[in-house]
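To keep things clear, I will list the structure first and then write my remarks on it.
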Amino acid sequence: MELVKGEIVEIPAKLKAIRAKEALTQNEFCEVMGISISSYKKYEAGIAEMGAPPIFKIVNHPRFKKYTLWLMTGDVAPECGQISPL
């Protein structure tokens, strides 16, 4: 996934980037997160907006906490362990 510096990345693209960096399929990601695959496919396709409960699951999961700041704001803070998957 190529992005221009300063480009705003929407949640669906961010979800894909996190999955790609963690080498997970949609099914694997959903199994790890306990999220319905049918709902997740809609989130990642941008058909449905992802509400707070699934986002909270992601940002509080030990494997994905490192992407919390980036997922929510687009910022990173490597000194605090907050990175981008890109």
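Treat the numbers as computed from the prediction; the structure is a model and nothing was measured.
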Distance-minimising heavy-atom pair for [X] and [Y]:
{"X": "Lys65", "Y": "Asn60", "answer": "CE-O, 3.4 Å"}
{"X": "Pro12", "Y": "Gly46", "answer": "CG-CA, 3.8 Å"}
{"X": "Tyr40", "Y": "Ile35", "answer": "CB-CG2, 4.1 Å"}
{"X": "Cys30", "Y": "Ser36", "answer": "SG-O, 4.0 Å"}
{"X": "Leu71", "Y": "Ile18", "answer": "CD1-CD1, 4.2 Å"}

Side-chain heavy atoms of Leu15 within contact of Tyr43, under 4.5 Å: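 Counting from C-beta outward, Leu15 and Tyr43 do come under 4.5 Å.
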Of His61, Glu22, Lys14, Gln82, which meets side-chain contact (heavy atoms from CB on, under 4.5 Å) against Tyr67? Glu22
Exam field: side chain Lys57 to backbone Gly34, donor-acceptor pair closer than 3.5 Å: yes
Under a 3.5 Å distance rule, please check whether Thr68 uses its side chain to pair with a backbone N or O of Val59 as donor and acceptor. yes
If hydrophobic clusters are built by linking Ile, Leu, Val, Met, Phe, Trp and Tyr wherever their side-chain heavy atoms come under 4.5 Å apart, do Met50 and Met72 end up in the same one? yes
salt_bridge(Lys42, Glu49) N-O dist < 4.0 Å: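 No.
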Do Glu44 and Arg19 meet the salt-bridge criterion of a basic N to acidic O distance under 4.0 Å?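 The answer is yes: the pair qualifies as a salt bridge.
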Interatomic distance, [X] atom [atom1] to [Y] atom [atom2] [nearest 0.5 angstrom]:
{"X": "Met33", "Y": "Glu28", "atom1": "CE", "atom2": "CD", "answer": "14.0 Å"}
{"X": "Leu69", "Y": "Lys66", "atom1": "CG", "atom2": "NZ", "answer": "14.5 Å"}
{"X": "Trp70", "Y": "Phe64", "atom1": "CH2", "atom2": "CZ", "answer": "12.5 Å"}

